[in-house]
**Student:** 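Let me give you the structure first, and then I'll get to my questions.
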Number of protein chains: 2
Amino acid sequence: MSERRPGEIPEATVARLAVYLRVLTGLVDASTVTVSSEELATIAGVNSAKLRKDLSYLGSIGTRGVGYDVTVLREKIASSLGLTQRRTCVLVGIGNLGHALAGYSGFSSRGFTFVGYFDADPARVGEPIVDSRIRDIAELELVVKSHGVSIGVIATPAEAAQTVCERLVDAGVTSILNFAPSVLTVPDNVDVRKVDLAAEMQILSFHEHRKSRGLGNGLVESVG
Amino acid sequence: MSERRPGEIPEATVARLAVYLRVLTGLVDASTVTVSSEELATIAGVNSAKLRKDLSYLGSIGTRGVGYDVTVLREKIASSLGLTQRRTCVLVGIGNLGHALAGYSGFSSRGFTFVGYFDADPARVGEPIVDSRIRDIAELELVVKSHGVSIGVIATPAEAAQTVCERLVDAGVTSILNFAPSVLTVPDNVDVRKVDLAAEMQILSFHEHRKSRGLGNGLVESVG
DNA sequence: AGCTGTGAAAAGATTCACAGCG
DNA sequence: CGCTGTGAATCTTTTCACAGCT
């Protein structure tokens, strides 16, 4: 296919823009005015060609011979990610992890407002959480609809995740962040991202395994 | 280049093997004996061609006309991921998230043994955690070396992450799972994976942004 | 017949290398 | 000159489509 329309930012690039944004916020705080692709790339842990290619999807923002204006670039990335408007979110499943997520200040400071914390356990309902209280899951649809919630975060046990997901989607949520170790099935218009803690550990385990095999003999054996 | 040696499993495949493994464990629990690529793929949320290609890197495990033996396949994936031996781990940074991670049963049940929980805050040192107590970060090197820890999990604030990372690496850790919102610099032989909660939300925000732009103008042609 | 395993094609992401602007 | 922005080359991942085994 031919030309990539403005706004057609590749997935891999979108994921990195969030990193650049954080780095740039740090640079703004440090009163840095301009930054070169080389410098920014080093701080962000990527190479400069990739960084420039990523930024090129946002348009031509830099000044040749100089670099990027830190403030301008940060604004541009924030608006590309749709972060100029606050987004309302709900969190479902207030166990250990749910509490940790509720307490994470990084969400609020980055424009995400949680308007409801839900749990199915009657014993937990009513408990204080952040500046609010845990609500009964029965109220989920009501809250989602009345606040026009766009992102649902699922931190329930695996068994409950698909049902919760369906309720969120039926109520109008179109983006889901899933911490439950289960695969969610959703309609095409809904985006799901998953954070799979055990999987991350297993991927590291694979690389450990790989490093220890063939240590010192130059040979890799194995094969079933 | 030329031929892919046995054991040369692509990164993208490794990440999915962890998902297949979980699905297969569910099937074993449900006493399922064999499964086709089509069935397994559906449950795992991928297409069957990808699944078969992924499994082909482990060797020829299935039976044509029949499918895969659930137990055999699960064993094969587990051994490929190096999960036949338990791995020792440490967790550094016992705040909200650290507590949640320490309480997550999915690690232990999947072969990861945490041999130390560390924090820099003297007020927290000595507090009970899981079946142990929070230790002073000063003991980090001692514990890592004496237990031959291979995986370090970092759940500290961003400012502390790089220092903790260096201490882990110097003590011999070669794999790191980083929950702090910061980019870690490590030697080539060390693997880092990061879980960036705010970034995940921002990626969803991007897609929300994308969906809402062009709503009602007929220019949007479905969503990926 | 049915389903796996896999070459080959297509799509996507990264890196190279340099033209071109300030 | 120095640094951005970008086509072209390369590498990786996904998808297709079917040969080949049970």
Side-chain angles (χ1 to χ4, degrees), chain A residues 1-20 24 32-70 72-73 76-77 80 203 223-224, chain B residues 1-20 24 27 32-70 72-73 76-77 80 203 206 221-224:
Chain A
M1 251 256 231
S2 58
E3 188 117 321
R4 198 187 279 274
R5 296 203 318 272
E8 297 254 22
I9 306 176
E11 261 317 292
T13 293
V14 172
R16 285 188 297 265
L17 288 177
V19 175
Y20 305 153
L24 287 163
T32 307
V33 176
T34 54
V35 69
S36 69
S37 63
E38 198 66 44
E39 293 165 333
L40 188 50
T42 302
I43 309 175
V46 301
N47 70 51
S48 64
K50 195 188 280 182
L51 180 129
R52 287 200 303 279
K53 182 66 103 182
D54 284 342
L55 297 185
S56 76
Y57 295 116
L58 310 184
S60 203
I61 312 168
T63 309
R64 288 164 202 243
V66 178
Y68 301 89
D69 180 294
V70 171
V72 169
L73 181 54
K76 186 71 189 175
I77 292 177
S80 301
I203 294 166
V223 177
Chain B
M1 264 285 289
S2 57
E3 188 116 321
R4 197 185 279 275
R5 295 202 322 269
E8 296 256 21
I9 306 176
E11 262 317 292
T13 293
V14 172
R16 285 187 298 264
L17 287 178
V19 175
Y20 305 154
L24 287 164
L27 292 176
T32 308
V33 176
T34 53
V35 68
S36 70
S37 64
E38 197 67 45
E39 292 165 335
L40 187 51
T42 302
I43 308 176
V46 301
N47 70 51
S48 64
K50 195 188 277 181
L51 180 130
R52 286 200 302 280
K53 183 65 107 180
D54 284 342
L55 297 186
S56 77
Y57 296 115
L58 309 185
S60 205
I61 311 169
T63 308
R64 288 166 204 239
V66 178
Y68 300 89
D69 180 295
V70 171
V72 169
L73 181 54
K76 187 70 189 178
I77 293 177
S80 302
I203 294 165
F206 171 80
E221 65 252 27
S222 106
V223 186

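Hydrogens, waters and symmetry mates play no part in the numbers below; they use all other heavy atoms, side chains included.
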**Student:** Using a 3.5 Å distance criterion without hydrogens, assess whether the side chain of B/S36 forms a donor-acceptor pair with backbone atoms of B/E39.
**Tutor:**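 Looks like yes, one N/O pair under 3.5 Å.
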**Student:** Between B/T13 (side chain only) and B/I9 (backbone N and O only), is there a donor and an acceptor less than 3.5 Å apart?
**Tutor:** no
**Student:** Could you tell me the separation between the CD1 atom of B/I9 and the C1' atom of C/dG5, rounded to a whole number of Å?
**Tutor:**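 Going from B/I9 (CD1) to C/dG5 (C1'), I get 16 Å.
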**Student:** Starting from C1' on C/dC16, measure out to NZ on A/K50 and report it in whole angstrom.
**Tutor:**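 Result: 14 Å.
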**Student:** List the residues meeting side chain to side chain donor-acceptor pair (under 3.5 Å) with B/S37, not counting sequence neighbours, and say none if there are none.
**Tutor:** B/R52
**Student:** Enter the distance from A/L73:CG to A/Y20:OH here, rounded to the nearest 0.5 Å.
**Tutor:**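 Rounded to the nearest 0.5 Å, the CG-OH separation comes out at 10.0 Å.
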**Student:** Find out whether B/V19 and B/V46 are in side-chain contact, i.e. whether some heavy atom of one side chain is under 4.5 Å from a heavy atom of the other.
**Tutor:** no
**Student:** Using a cut-off of 4.0 Å on non-hydrogen atoms, how would the nucleic acid contact of A/I61 be classed: base, sugar-phosphate, or nothing?
**Tutor:**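 A/I61: backbone/sugar contact only, no base atoms under 4.0 Å.
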**Student:** May I ask you to test the B/L58-B/I77 pair for a side-chain heavy-atom distance under 4.5 Å?
**Tutor:**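 Yes, their side chains come closer than 4.5 Å.
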**Student:** Over how many whole Å does the gap from B/Y68 atom OH to C/dG5 atom C1' extend?
**Tutor:** 7 Å
**Student:** From CD of A/E39 over to C1' of D/dT4, roughly how many Å is that when rounded to an integer?
**Tutor:** 14 Å
**Student:** Given atom CG of A/D54 and atom C1' of C/dG12, what is their separation to the nearest angstrom?
**Tutor:** 13 Å
**Student:** For the pair made of CG in A/D69 and P in D/dT4, what is the distance, rounded to whole Å?
**Tutor:**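 For the pair A/D69 CG and D/dT4 P, the rounded distance is 13 Å.
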**Student:** So do the side chains of B/R16 and B/L51 get within less than 4.5 Å of each other, counting heavy atoms only?
**Tutor:** no
**Student:** Using a 4.0 Å cut-off on protein heavy atoms (strictly under), produce a 5'-to-3' string for nucleotides 16-22 of chain D with B for base contact, S for backbone-only sugar-phosphate contact, and - for none.
**Tutor:** BB-BBBS
**Student:** B/L40 versus B/L24: any side-chain heavy-atom pair under 4.5 Å?
**Tutor:**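 When only atoms from C-beta onward are counted, B/L24 and B/L40 do touch, with a gap below 4.5 Å.
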**Student:** CG of B/L51 versus P of D/dT13: gap in Å, rounded?
**Tutor:** 17 Å
**Student:** Flag the pair B/I43 / B/L27 as yes when at least one side-chain heavy-atom distance between them is below 4.5 Å, and no otherwise.
**Tutor:**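 Touching, per the 4.5 Å side-chain cut-off.
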**Student:** So, OP1 or OP2 of D/dT12: does either fall under 4.0 Å of a side-chain N or O from B/Y57?
**Tutor:**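 Checking D/dT12 against B/Y57, no side-chain N or O comes under 4.0 Å of OP1 or OP2.
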**Student:** OP1 or OP2 of D/dT4 sitting under 4.0 Å from any side-chain N/O of A/S37?
**Tutor:** yes
**Student:** Return the angle between end axes of the helix from C/dA1-D/dT22 to C/dG22-D/dC1, with five pairs used per end and rounding to 10°.
**Tutor:**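 If I round to tens, the end axes sit 0° apart.
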**Student:** Tell me: CD of B/E8 to C1' of D/dC11, nearest whole Å?
**Tutor:** 14 Å
**Student:** From C/dA13, C/dT14, D/dG5, pick the nucleotide closest to the side chain of A/R16?
**Tutor:**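 For the A/R16 side chain, the nearest candidate turns out to be C/dT14.
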